[in-house]
Structure formats: C-alpha cells, structure tokens
Protein chains: 2
Amino acid sequence: MWIAELSQRTEVPVATIKYYLREGLLEPGESVGATRSRYDESHIRRLRLIRALVESGGLSLARVRSVLAEVDEESHELHEVLGAVHGALIPNDLTATDESRRRVDALVAQYGWLVYSESQDRVLLAASLDALEKVGYHLDDDLLEAYASAAAQVADAEVSHLPSGDRQQTVEDTVVVTALGGPVLLALRRLAQQDASARRYGISPTTAACAVQAE
Amino acid sequence: MWIAELSQRTEVPVATIKYYLREGLLEPGESVGATRSRYDESHIRRLRLIRALVESGGLSLARVRSVLAEVDEESHELHEVLGAVHGALIPNDLTATDESRRRVDALVAQYGWLVYSESQDRVLLAASLDALEKVGYHLDDDLLEAYASAAAQVADAEVSHLPSGDRQQTVEDTVVVTALGGPVLLALRRLAQQDASARRYGISPTTAACAVQAE
DNA sequence: CAATATTGGAAAGTGATACTCTCCAAAAGT
DNA sequence: ACTTTTGGAGAGTATCACTTTCCAATATTG
C-alpha cells in the first residue's frame, strides 16, 4: 500500500507518518522508484503501537523509540525484554535517599521478589516514597504492603496472561500490557477510591440514588 | 519570611515562585510596603505540594490549578473533594465506545461500587480498554477482574489510612495520596512484574545471583 | 499526450507548556 | 551614600510533537 492508505487505515496524518519516518520510529517502506514506497501490515501494526504508547500510555516519542528498539532486538529473551522495556520507560535522572532505598530493598526481600539489585525500578519506587515524605506524608508500612500485595496480584495475573506463541507477538503484548495496563489499573483504583470514600464518609440520598441508578 | 527564604527552603527558584504567583497557583504574600511581601509556612506547604504534583505526580500546571481550587473550596465535604480532585486529574476530551462503557458499568455493578453513573473515571477506564483493543490486545475478563480486585484492596487501604483530623490536612493528604500513590503502585507493579517474569521465563544463574544478592 | 495528483524528502513554521531572564524603580539594609 | 532585594511586568528560551510549505520526480487520469 502507499502512504495515503497507511494514513487512512491508521488515522494518522501523512505528515505525521513522514515525521515518524524521519525520526526513525517507523521503518522506511520498500522503495519503488524515486518518489514512491510501498508499506505493509507491519507498518500498520507499528504505527498503531506507537499511537497507543503515545496517546494512552502517555510516553514521549523518545521513550517510544527506546521501547521499540528493545522490541526489535530479536536476540533478547522475553525476561530481558521486560527489564529493558521497564528501563526504557523510566526517567533517567532518578535519585533517592538511602533510607528509602533500604526500605524498598527490605520490601523486595520480604516478598522474595527476584529483582536485579540494580533495577532502576527500585530507585523509582524509592524516589516516589521520598516525594511523599517531602510533602509531609509518610506512607505507613501497612499501606505500603497493601500496595505491594496488590501489585503482586496484578503482575502475576498479567504475566500469566501473556501468550506463549511467537516471540514478536509476545513481546508486543508485553509492551502493551506494561504501558497500557497502568492506566487501566489507575482508573480502576480511582473508581474503587470513590466507592471507599462513599462508604467511609457516607453518601447523601441524592448521591446514593445516582450510584444505584448506575447499577 | 521574604521571597528569598521561601525560595531557599523549598528549593524553588525565585523566578519560578514569581511565575506561580502570576499564574495564581500561589497566594500572594502579605504586602509590606510597595516592594516587599511577607510569606509564611502556608506558602511553603503550598509550594511543596505544587512541586510534588508536578514533578512526581506528572501533572500539568493547569491540572494543579484545578486541584488546588478544590483543596481551597472549604465548603466541600471530603467525599466531594475526592470526586472533584479526580475530575481535575482527568483529561477532558474523553471518548469511549458503548461496548467498553457497558463493560465498565457491568464491572462496577458486579463489585457493588458506589460510583456516580456520570463519573468521568468510568469513561476513562472505558477509553483505556478501547486503546488496548485498538492495538489488537483484548483484556480478558479474568485479568480485568484481577485489576479490579487489586484496585479495590489498594483503595480501601488508602482511604482507611486517611487521617480524620482537621479538614485542610485531610484534604491535602487525599490529594497527595491520589496523585502520588499512583506512581508508587505502578513502580511496585513493575518490580512484581520482574519477579513474575523471572519465575515464568526462568532465570539464568547470573540473574539469580543478582536477585539473591539484592536480598 | 496533457493536465492533475501523489510521493519522498527536507526545511521551516506552529502552538502549547513551563519556565527563565531582563528591567525597573521603590525600598531596605549597612 | 551605597549596595542589595523586592514586586511587577514583559520578553525570551527550550522542548516537544507535530504541521506546513516547498520541490522535483513520478503516476494517474481524461
């Protein structure tokens, strides 16, 4: 197909496709003569993946580029890809206090998680805890453990639902679940927060009517 | 204190503080003469809150402004504040297919969550599910339920840990937990994903060594 | 075969966001 | 008297993710 069809089928403007090509996010099509290139289904898939990561996953194009580089690294095992994708998704100027780092290490040890000791996700978590402390909010150990056990449940379910078919498919699914599962989990958490808040702080008659009407 | 001290204690440049004042994110200090204003602890708190929401929560200044407006609306009950904060945190151009909306409504009903039928978080979740479908990934019902029950656990723990003291403190904590708890949960989820992946896809001897060494 | 449309490619322009810098005159400190 | 700081306002800057404009080389269409 030509670029026009690629654009129509993905709903991405031609100018944007050209931009992604220039930026190396999308493989060039097969060159046919000097002014024409042919694109195929792989371009459609890739383009849809890029848009999903950007629009729903909220990734910058720079991060998308890093993630795609890992997806295309055929030599990597799945477990490596997951780590690499996590690495690509993480900010690179992370710092955390030793105290929070120790707290994270202790938690990882407590749950017996098999996580590289130099995993940047450890630092990311520690930095998030620091951010909370900085605004004067201390995350209690039992609340932290509630987060951790919920996270463990989610992660187990996610990983066990990954297909075991061909590598390309599994890797793409891994990326999609990692990047787009977050928003799903956060949206559900907020719905659940609204419920928890309604139950704790009580709901007025009109509120209750709305809620019941919704069911 | 003068603006210089406010800047030093919060590590926010004077120019940025002035910018926040112009943008109405920060209340003006008490004017002392034509060229001086006095700031107090409330300015320090507010400034730290703004930076935490921006830097760690990843909010835009526009969203921070909306959130702060709700924090300062003294007349609102806590439950209302939570809903309003969620509203302020949500993108405003959401669309979702009817199918996903129904799926979300069914899930909310199944869990018996007391959530306004017009809550934008419903649409946000539906839109997230649509995004997954669009890249050809269907979120199984049992995986969705795994997310939902994890979300319920987290939300219950979060809400039950909110202090019941003065309103200002509770409201701020609500905002902080809502905005900064997300990153904590996501970081833990990724650590747990690494563990789940290591267990499912097996780990090499060197990998295992790293993991054990970390504990 | 002529008129029109499309393409690849590159450069320049755009709009939003979040600052950051420069000035200034009025005060405050020394 | 002299240096420093402040409030206030406007202009400037950097980044990001496009979007527009241009071109000459084809393709397609009538």
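Naming convention: chains lettered A, B, ... in sequence-line order (proteins, then strands); numbering from 1 in each chain.
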query: side chain to side chain donor-acceptor pair (under 3.5 Å) between A:H161 and B:D142: does it pass, once the steps are laid out?
result: CA-CA 9 Å; A:H161 273 79; B:D142 46 347; 3.2 Å; yes
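In this structure, CG of A:L26 is placed 15 Å from C1' of D:dC18, rounded to the nearest angstrom. The separation between B:R38 atom CZ and D:dG7 atom P is 11 Å, rounded to whole Å. To the nearest angstrom, P of C:dG9 lies 8 Å from CG of A:L21. Rounded to an integer number of Å, the gap from CG of A:L6 to C1' of C:dG8 is 14 Å. Summarising the geometry, the separation between CE on B:M1 and P on D:dT5 is reported as 18 Å, rounded to the nearest angstrom. Atom-to-atom, CD1 of B:I17 to C1' of D:dA9 comes out at 17 Å; the value is rounded to the nearest Å. Here D:dA17 presents its P atom at 12 Å from CD1 of A:I50, a figure rounded to the nearest Å. Across the protein-nucleic acid pair, A:I3 atom CD1 and C:dA5 atom P stand 19 Å apart, rounded to whole Å.
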Its contact letters, B for base, S for sugar-phosphate only and - for none at protein heavy atoms under 4.0 Å, make nucleotides 18-30 of chain C read BBB-----BSS--
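Between A:R51 and A:E11 there is no salt bridge, since none of the side-chain N atoms of the basic residue sits less than 4.0 Å from a carboxylate O of the acidic one. A:R38 has no carboxylate O lying under 4.0 Å from a charged side-chain N of A:E5, or vice versa, which leaves the two without a salt bridge. Using a cut-off of 4.0 Å between Lys/Arg side-chain N and Asp/Glu carboxylate O, A:R189 and B:E158 are scored as salt-bridged.
Between the A:R48 side chain and the B:G136 main chain, no donor and acceptor come within less than 3.5 Å of each other.
Here A:S7 pairs with A:V14, A:I17 under the side-chain contact (heavy atoms from CB on, under 4.5 Å) rule; sequence neighbours left out.
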